[in-house]
K.L.:
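Take a look at the following structure, please.
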Amino acid sequence: MTMNVEIMTLANTKRTLDAATVADLRARVRGSVLTAADAGYDAARRIWNAMIDKRPALIVRCAGAADVLEAVRFAATQQVLVSVRGGGHNVAGTAVCDGGLMIDLSLMKGIQVDPVARAAWAQPGLLWQEFDHETQAFGLATTGGVVGETGIAGLTLGGGVGWLVRKYGLSCDNLLAVDVVTADGQFQRATPEENGDLFWALRGGGGNFGVVTAFRYRLHPVSTVLAGLVIHPRDAARDMIRFHRDFITTAPEELTSYIGLITAPDGQPVIALASCYCGDLGEGERVLRPLREFGSPLIDDVKPIPYAGIQGVFGPAFPWGNRNYWKSRFLRELPDAAVDAVVEHANRGKSPLSAVVLEYYGGAASRLAADTTAFPHRAAAYHILILGQWRDAAEDSVHVGWARDCWEAVRPWSSAAAYMNMLGDDAGAQAVRDAYGVNYPRLAALKARFDPNNLFRLNQNIAPGEIQ
């Protein structure tokens, strides 16, 4: 039985939707419309980061693009608060809202691979591991997330880094076209030739410009890769990071390699090299030999594996239901003093689930100009991720404090640049501006054009027309 629903508006006030209005929405949607009284509501509102516990007034579980059109038109007409959920894996938790309307795309998992054209149309509910399952049947892949459980939509709209980033660029660099529902309730296709400004904004501008109902990706021949972990005891961390820092700057683009200070399953603090070489396997053996032979590793698990294998390595380390608080930033340099600070503060971590990761990009993504796409940080070198993760809510202040302290310790070497996909829910206005960098003024102007009322505001938000 449909009942009246109290809902939050864009003006931050509450109003009541009568039962007839809610029933009409249900009748126009092929998927389902859930309220707190409906079975499945609690499961639908849950997302990956357990620190986010919000209760939408309505959840529209979209079955296709037509449902997205109905949901966006309803939200715009009723002027209600809107959030958009794809995979639900983003640490900031903006996929779900308190008291508003959540547009849930997680059931939209269609994908069509064209192996001749080396391209694929994919719907926004897909996770990267699901996307890879289909493309790998044809020996093809595109740059996806480091964790296979990440959704394709949020990662791509924010830029998108992963194991193929140095060879084939960011996820957004591999977009050929998108279908999108804009804030005025219109369905549009955006390509470099058609709606070019909108296409530009969607490649790095996040969820600010509409709800994407399909992505068309360029695919590349990737099947078996040389990949895996090389693990050393934690007391080797300083030497390993310095060696890796110098090695990776001259490594071929086929190699993406990260370094992480983590805790092994047996409770031992370690430092791990995670590498993926996507070229000729024999050449990969030669390229990776210095990394594998340096020092005295506890484990060397680098071997030829399917690409989907390396995509699945870190999923178990970031399960649903844990509490997560992250800090991140690009670093302009990584001198020995910065290495010392990273190791010292990583060693102070109180949770065995927490980690500090150093990434190096360069390669294909760095050869594009900063204004080629909305993602601007093409010259960025090192990126640090401080990943606080734990299970007990009573320990929140301990682990949040550790992440913040660690970030403060490396701040002297940070650049004025942030990766939007890694910002938390407390990032602040300046961090958001830093994420969009030199492209912020153009993005703000396009926001005013495509979403003047800021309907899509629950994200790392660009205020319409705000160019100062």
Side-chain angles (χ1 to χ4, degrees), residues 4-22 24-26 28-29 33-36 41 44-45 47 52-62 67-86 88 90 92-105 153-154 157 180-188 198 201-202 205-213 420 423 425-429 432-433 436 440 443-468:
N4 293 349
V5 172
E6 189 176 69
I7 197 165
M8 188 67 67
T9 70
L10 293 174
N12 200 33
T13 60
K14 291 182 178 180
R15 57 183 288 250
T16 299
L17 298 175
D18 60 45
T21 300
V22 178
D24 181 63
L25 176 62
R26 281 186 162 134
R28 289 186 281 113
V29 168
V33 177
L34 304 179
T35 70
Y41 169 84
R45 73 181 180 87
I47 55 175
I52 310 299
D53 184 21
K54 297 179 180 178
R55 302 182 65 84
L58 292 173
I59 301 174
V60 179
R61 306 206 74 194
C62 299
D67 286 357
V68 177
L69 280 163
E70 292 291 354
V72 172
R73 289 169 181 170
F74 180 89
T77 299
Q78 300 293 335
Q79 288 291 287
V80 297
L81 186 68
V82 178
S83 67
V84 182
R85 176 201 167 139
N90 181 261
T94 55
V96 61
C97 58
D98 261 332
L101 169 68
M102 184 171 89
I103 300 175
D104 182 2
L105 311 175
L157 293 173
V180 58
V181 178
T182 46
D184 57 1
Q186 299 301 305
F187 180 88
Q188 302 192 54
L198 180 57
L202 289 167
N208 279 283
F209 299 94
V211 182
V212 175
T213 61
M420 190 266 286
L423 295 180
D425 63 346
D426 64 346
V432 172
R433 287 174 175 270
Y436 299 118
Y440 191 92
L443 286 165
L446 290 173
K447 178 73 171 181
R449 175 177 159 193
F450 290 108
D451 186 12
N453 295 322
N454 204 9
L455 180 68
F456 302 118
R457 64 183 61 181
L458 294 183
N459 43 47
Q460 302 300 349
N461 193 239
I462 300 165
E466 185 186 341
I467 61 175
Q468 296 182 353

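Model, not experiment: these values are computed from the prediction.
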K.L.:
Just by distance, do the side chain of Arg45 and the backbone of Lys54 share a donor-acceptor pair under 3.5 Å?
P.N.:
yes

K.L.:
Please report the interatomic distance CG(Leu202) to CG(Leu157), rounded to the nearest 0.5 Å.
P.N.:
6.0 Å

K.L.:
If we only count heavy atoms from C-beta on, is the Leu81 to Arg457 side-chain gap below 4.5 Å?
P.N.:
yes

K.L.:
Return the CD to CZ distance between Gln460 and Arg433, rounded to the nearest 0.5 Å.
P.N.:
13.5 Å

K.L.:
If you define the side chain from C-beta out and look only at heavy atoms, does anything of Leu455 sit under 4.5 Å from Leu10?
P.N.:
yes

K.L.:
Donor-acceptor check, side chain of Thr13 to backbone of Thr9, threshold 3.5 angstrom: yes or no?
P.N.:
no

K.L.:
With a 4.5 Å cut-off on side-chain heavy atoms, are Asn4 and Leu17 touching?
P.N.:
no

K.L.:
Do Asp18 and Thr21 get their side chains close enough for a donor-acceptor pair, meaning under 3.5 Å?
P.N.:
yes

K.L.:
Taking the side chain from Asp98 and the backbone from Arg55, do they hold a donor-acceptor pair closer than 3.5 Å?
P.N.:
yes

K.L.:
Kindly compute the distance separating CG (Asp104) from CZ (Arg85), expressed to the nearest 0.5 Å.
P.N.:
5.0 Å

K.L.:
Answer yes or no: is there a donor N or O on one side and an acceptor on the other, between the side chain of Gln78 and the main chain of Ala75, under 3.5 Å?
P.N.:
no

K.L.:
Measuring from atom CD1 of Ile47 to atom CD1 of Ile52, what distance do you get when rounded to the nearest 0.5 angstrom?
P.N.:
5.5 Å

K.L.:
Contact between Asn454 and Lys447 at the side-chain level, heavy atoms closer than 4.5 Å - yes or no?
P.N.:
yes

K.L.:
For a 4.5 angstrom cut-off between non-hydrogen side-chain atoms, does Val29 reach Phe74?
P.N.:
no

K.L.:
Test of understanding: with side chain to side chain contact (heavy atoms under 4.5 Å, CB included), list the residues that count as partners of Asn459, not counting sequence neighbours.
P.N.:
Asn208, Phe456, Asn461

K.L.:
Examine distances only and state if a side-chain atom of Tyr41 and a backbone atom of Pro56 form a donor-acceptor pair shorter than 3.5 Å.
P.N.:
yes

K.L.:
CD of Glu6 to NZ of Lys14: how many Å apart, nearest 0.5 Å?
P.N.:
5.0 Å

K.L.:
Counting C-beta onward and ignoring hydrogens, is there a side-chain heavy-atom pair between Thr35 and Arg26 closer than 4.5 Å?
P.N.:
yes

K.L.:
Could you state the interatomic distance from OG (Ser83) to CD1 (Ile59), rounded to the nearest 0.5 Å?
P.N.:
8.5 Å

